[in-house]
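Not measured: the values here are computed from a predicted model.
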There are 2 protein chains.
Amino acid sequence: MRRGVAIDYVIWHTLQRYPNVEAVPVVTMADVAALADVSTATVSRVLTGRPGVGEATRQKVADAVERLGYRPNAVARSLRVDTTHTLGLVIGDICNPFFTELARAVEDAANAEGYSLILGNADEDADRQERYVDVLLNRRVDGLLVVPAVAHSDAIAMAVRQHAPIVFVDRELPGINVPVVRSNGRKAIRDLVEHLLTLGHRRIAIISGPEQASTGVERLTAFREALGVAGVPLPVDYIRHGDFQEVSGQVQMAALLALDEPPSAVIAADNLMALGALRTLRRGGLRIPQDMALASFDDSPWFELLDPPMTAIAQPTKEIGSIAVQTLLELMHRRAAPSRLLDCRLMVRSSCGEAANVRKN
Amino acid sequence: MRRGVAIDYVIWHTLQRYPNVEAVPVVTMADVAALADVSTATVSRVLTGRPGVGEATRQKVADAVERLGYRPNAVARSLRVDTTHTLGLVIGDICNPFFTELARAVEDAANAEGYSLILGNADEDADRQERYVDVLLNRRVDGLLVVPAVAHSDAIAMAVRQHAPIVFVDRELPGINVPVVRSNGRKAIRDLVEHLLTLGHRRIAIISGPEQASTGVERLTAFREALGVAGVPLPVDYIRHGDFQEVSGQVQMAALLALDEPPSAVIAADNLMALGALRTLRRGGLRIPQDMALASFDDSPWFELLDPPMTAIAQPTKEIGSIAVQTLLELMHRRAAPSRLLDCRLMVRSSCGEAANVRKN
DNA sequence: CTGAAAGCGCTTACAG
DNA sequence: CTGAAAGCGCTTACAG
């Protein structure tokens, strides 16, 4: 077997170099060069497809590579050329389908441009976020996409000061001037509120994100404005702050139900909190939408199949991901890149009531 | 501002070195050493916390690091110490909640051991899988976890021959001898079939995985055995092969419905195909479980909230992830590590019928 | 068309 | 306790 012979050669070779180590032979470019009887410079040239190598030589090298099962050491290459062809993405929570879909979109876009992606999951936690930003930058990713999980980040501030190419996705950080690619929920939220008003709802509450999260704030503001225009009051008790994770949706929905005058409709600012809210309603035996209407920011493949199908605001996730990567590439080439705001779409289903049986309260 | 001064120093320093480049200054260990007036060896010692450095020296170095905003180059370090403190994970499909949860568990376990994780999404595609395995190995991850997406992989076979530490998760590859960590669905599937039989079902079909996928085969075999024991026939038409993604669930359910004698119950071999099957049923206006019972392999947080709540087999995902990492670490230390098989649990909900209203057909 | 040599930014024996 | 120097595995001017 040819390959066996080649590998044995390497083992032997390695044992020569490290006579008293239980060798796990790792083939280097020097091994290839030796076997092909050329210099490492030449091996490097054929491996990177650089022109100006004789056909015969090229073949000799290719054979040696094949026989030895040579695996280029990307770490060494990166050190030399000062580029890793890797992008980093720090997301808020890998269990949140929105981020999952985003990661998928970013990965596709990155691959299409010849980059691989290292994914960091901050889990909506400040420390984990800081750690990941540093780790990825130390690993010398060529560019970094981050969904900031907290109001303030020393790691990011420092990185920006050092001119690391960074773009924010989905959320942003006050006072840090990097391009942001995200969706603008304003219009869709206005549509949603209108939808609720048409269905007769007048007591509408919101389970928003953390007070520091930019997306949370924006969604809340848009909500407040939409109600204001319609002249519908928004009691402070109707504004709940969750943390974008499921349990907070459960808790805040329970808190709303415990109010003297509970709302008749609730909007959750992300899909996990909507899931939590729904769970609380179900456990309490409440009917949707008769006892409580519920809508969600973020759509999901599951929503159509829930009981009842959930009305939701869909973000253009794929687009966000690919535009974010494009933006990052611009930055990496030291070109200016603008922030981008993309529109959302309201998906009317039946969790807020049917247009048919409009109700008054 | 101290930091401003320090950075200006670096810019100046860098410009000295590269007078005609629009400098993006990157601070190196040599810069720190120069500022602290020590050797790089000493800087390295304090940075890696090695003992035997005078307190005064240590402080000088720490100050310089701080002032310059020094960021260690992990690429250079890796080349030198021949370890990256990184694990790789190649999953089948990042949009599949099972893999997402798995990735989360693996990441947690890896972080706990001081490793970061590079995630590759094969998207159930052979080429993408091969590419990722190579890319990750070239990047010199210290170990690799893979959910093999196809029946045969040259990249993996080669890597194993080169003694790369690899463990399979969730699925395995025939003829490749590496530890496997996955769940054993046999018992839970037997429970599920029993559950269906008790409810009166006699025409039970399965939407299995691809014929080459080990998990698909195992689940199918367990299903066939369980029916065999009960003396219930399994027509060939009742065995459908999907690809673990949603659309195939839709298609195969439609095929089952088109049969002369359609089944009264269907088991989908993963959660995405279950979702697809459910969608087809809903679009066709069929009632569940009256017109068709449906159960899923893989549980999901959504299942409890579906219409109707879906009966499912839950895998111990967290455990699979953490045990897989432990197993990989053993391998990395060149210790033998056994394969591990973990039990699943049947979560009875109402998509197959209530125990109350048992039916006969 | 090909090779010798320098160098990327670290770490680590080896001396002192 | 500290430093000079070699070397990890590549790539790339520079010569020839």
Separation of [X] atom [atom1] from [N] atom [atom2], in whole Å?
X: B/M29; N: C/dT12; atom1: CE; atom2: P; answer: 10 Å
X: B/R50; N: C/dC10; atom1: CZ; atom2: C1'; answer: 12 Å
X: B/R140; N: D/dG9; atom1: CZ; atom2: C1'; answer: 9 Å
X: B/N138; N: D/dC10; atom1: CG; atom2: C1'; answer: 13 Å
X: B/D82; N: D/dA6; atom1: CG; atom2: P; answer: 21 Å
X: A/L79; N: C/dT11; atom1: CG; atom2: C1'; answer: 13 Å
X: A/R58; N: C/dC1; atom1: CZ; atom2: C1'; answer: 11 Å
X: B/D31; N: C/dC8; atom1: CG; atom2: P; answer: 12 Å

Quick one: label [X] by what it contacts on the DNA or RNA (base, sugar-phosphate, nothing), any heavy atom closer than 4.0 Å.
X: A/V38; value: sugar-phosphate
X: A/R80; value: base
X: A/G52; value: base

Nearest to side-chain heavy atoms of [X], which nucleotide of [options]:
X: A/T42; options: D/dT12, C/dG3, C/dT12; value: C/dG3
X: A/S39; options: C/dT12, D/dC10, C/dG3; value: C/dG3
X: A/A76; options: D/dC10, C/dC10, D/dT11; value: D/dC10
X: B/A41; options: C/dC10, C/dG9, D/dA5; value: D/dA5

* **SB check B/D108 A/R128 (cutoff 4.0 Å)** => yes
* Pairing of B/D82 and B/R140 as salt bridge, 4.0 angstrom limit -> no
* To do: Confirm from the modelled atom types if A/R45 and C/dG3 form a donor-acceptor pair under 3.5 Å, side chain to base only.
  => yes
* To the nearest 0.5 Å, how far apart are CG in A/L331 and CG in A/D142? -> 12.5 Å
* To do: Kindly compute the distance separating CZ (B/F168) from CG (B/L144), expressed to the nearest 0.5 Å.
  => 9.0 Å
* Asked: Does D/dG9 have OP1 or OP2 sitting under 4.0 Å from an N or O in the side chain of A/Y70?
  -> no
* Got a donor-acceptor contact below 3.5 angstrom from the A/T86 side chain to the A/L117 backbone? -> no
* Asked: Paired with C/dA4: which nucleotide, if any, by Watson-Crick or G-U wobble criteria at under 3.5 Å for both distances?
  -> none
